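These notes are about the structure you will find just below.
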There are 2 protein chains.
Amino acid sequence: MFASLSRPDSFAKAAVPRTRVAFSEFRYRKDREIFGENEPADYVYQVTTGAVRSYKLLSDGRRQIGAFHLVGDVFGLENAAVHRFTAEAIVDTRVCLVKRESMELIAENDVLVVRDLLNVTTSNLQHAEDHMLLLGRKTALERVAAFLLEMDRRLTQAGFFALPMSRRDIADYLGLTVETVCRELHHLHDQGILGFLSPNQRQIVLLDREKLAHLSL
Amino acid sequence: MFASLSRPDSFAKAAVPRTRVAFSEFRYRKDREIFGENEPADYVYQVTTGAVRSYKLLSDGRRQIGAFHLVGDVFGLENAAVHRFTAEAIVDTRVCLVKRESMELIAENDVLVVRDLLNVTTSNLQHAEDHMLLLGRKTALERVAAFLLEMDRRLTQAGFFALPMSRRDIADYLGLTVETVCRELHHLHDQGILGFLSPNQRQIVLLDREKLAHLSL
DNA sequence: CGGGGGCTTGAGGCCACTCAACGATAGTGG
DNA sequence: CCACTATCGTTGAGTGGCCTCAAGCCCCCG
């Protein structure tokens, strides 16, 4: 039913017949936790503005970011009682959220709603599958190239994109260190494959997507 | 609906009302391909006996196994037109399969069936999420320890388990090389944490699950 | 304008990989 | 039944890609 937020028609259809879905907007400041791993999954979220990271921690602090959630993305949908990730706002972020309970209630009777849940879950699964290949078998350069192409696809407007996340976030997403991410970016910059538009190196323009695609395998 | 195969009641309920599901059994010899990546996903499968690996390949032959499917497991359920993995029989394997089409037909009207699809997809997603953490952030020893615990959980009977897959399969599952897997296994063997029961080192008994759990983080 | 955190760059180290050789195993055909 | 062989598994030596540690730079923001 949440998936329907990106398909207004279907959403209306789902929301009308029975319970009216409790539907609120909420704001989180930079680096604020939205929910924690193993906490009860009482709400499902959608990014209105900003960006969110979902990650798991090992006991000694090693972190693996499983996904970045950008504007329009749904996150926190676990189909289970508890969250399997911790979610934090990367920058000041607005989300809208609905109670899982009310969603379950609707889902009980509406096939279309459950199908939406299935579609969201399936695309999360597909992303995770692709990311396993990246983490298990790709080199540092290939990972960074793949990351740039993903961000390009998801947030380029007007020929460039502004990364909301830090180098540390990128590293923890790609299974690398900050230093390695830096070096590979620099490497690509030297080859004229990408350009930096801002002093803080977060605004990036891809100058040769073809070559990048080739590098990402 | 396929999930229901492990819950006979629900399956019967789902199957009765409308179309009778086309339902066949099939055999694959060791190392035979069951379906290929990007091929049309016309069937969904469940392992009756044997074991299956699902993997992705890079153009230069690097392979990442995303999951092993053991007796009872459902695989090939993509909720999409094409398969996202190649699936091969690890040993001689029997599967039963249903046409995706007929499943879709039933799913159109039956919430319970779609819920089953959602549940299967969700548990696949959870596995993939855990595996991303392993591939991105765990050491070789931690990966092997985690692998042993997973196999122990999934196929131990009578105090030990017999791995159907080769060292190469294990390596490609864990994002390591064959040699590293070997070395870490022997490392654990030397410490008295596990024992080999067969000459080919495929039958394993875990002697200290506690210590193993600690090593796997 | 001063402090702090993010980013970059270099030097050196280590974990896992590569390459190579050998042993063991199981499958094959005589 | 047994040699023969291909494949799998093990082990060692050496390498290299990425990590660690460290220092300096540059923003950004108070």
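All values below were derived from every heavy atom in this structure, side-chain atoms included, with hydrogens, water molecules and symmetry-related copies excluded. Please read all numbers here as calculations on a predicted model, not as lab measurements. In what follows, chains carry the letters A, B, and so on, assigned in the order in which the sequence lines appear, proteins first and then strands, with residues in each chain numbered from 1.
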For D/dT11, does either OP1 or OP2 sit under 4.0 Å from a side-chain N or O belonging to B/H186? yes

Ring centers of B/Y173, B/H131 separated by less than 6.0 Å: yes

Ignoring backbone atoms, test whether B/T177 places a side-chain nitrogen or oxygen under 4.0 Å from the OP1 or OP2 oxygen of C/dC17. yes

For B/F147 and B/F68, take the angle between the two ring planes, folded into 0 to 90°, and tell me which bin it lands in: parallel under 30, tilted 30 to 60, perpendicular over 60. perpendicular

Nearest nucleotide by nearest heavy atom, which residue falls closer to the 5' end of DNA chain D, B/R137 or B/D31? B/D31

Rounded to whole Å, how long is the line connecting atom CZ of B/R202 with atom C1' of D/dT10? 14 Å

Output the single nucleotide from D/dC18, C/dC17, C/dG10 whose closest atom is nearest the side chain of B/T180. C/dC17

For A/R143, which contact category applies under a 4.0 Å heavy-atom criterion: base, sugar-phosphate, or nothing? nothing

Between C1' on D/dC8 and CZ on B/R168, what's the gap in Å once rounded to a whole number? 11 Å

To the nearest angstrom, how far is A/R167 atom CZ from C/dT9 atom P? 10 Å

Are any of B/S166's side-chain N or O atoms less than 4.0 Å away from OP1 or OP2 of D/dC8? no

Rounded to the nearest angstrom, tell me the gap between atom CG in B/L176 and atom C1' in C/dC17. 10 Å

Ignoring the backbone of A/E179, work out which of C/dT18, D/dG9, C/dG10 is nearest its side chain. C/dG10

Hey, does the side chain of B/Q201 come within less than 4.0 Å of D/dT10's phosphate (OP1/OP2), counting only N and O? yes

Can you measure B/K138 atom NZ to D/dC19 atom P for me and round it to whole angstrom units? 18 Å

Of D/dG9, D/dC28, D/dG12, the nucleotide closest to the side chain of A/N200 is D/dC28

Nearest whole angstrom, please: distance from the P of D/dG17 to the NE2 of A/H187. 12 Å

Check every atom of C/dC7, D/dC18, D/dG9 against the side chain of A/T139 and return the nucleotide holding the closest atom. D/dC18

Examine the base of D/dG9 for any acceptor or donor lying under 3.5 Å from a partner atom in the side chain of B/R183, and report the outcome as yes or no. no

In this structure, how many angstroms lie between the P atom of C/dG4 and the NZ atom of A/K30, rounded? 17 Å

Measure the spacing between CG of B/L194 and NZ of B/K211 and express it to the nearest 0.5 Å. 11.5 Å

In terms of ring plane angle, is the pair B/H189 and B/F196 parallel, tilted or perpendicular, where the classes change at 30° and 60°? parallel

Consider only side-chain N and O atoms of B/E37 and B/H83, and report whether a donor and an acceptor are under 3.5 Å apart. no

Specify the separation, in whole Å, of atom CG of B/L185 and atom C1' of D/dT10. 11 Å

Out of C/dT8, C/dC17, D/dC19, which has the shortest distance to the side chain of A/V178? C/dT8

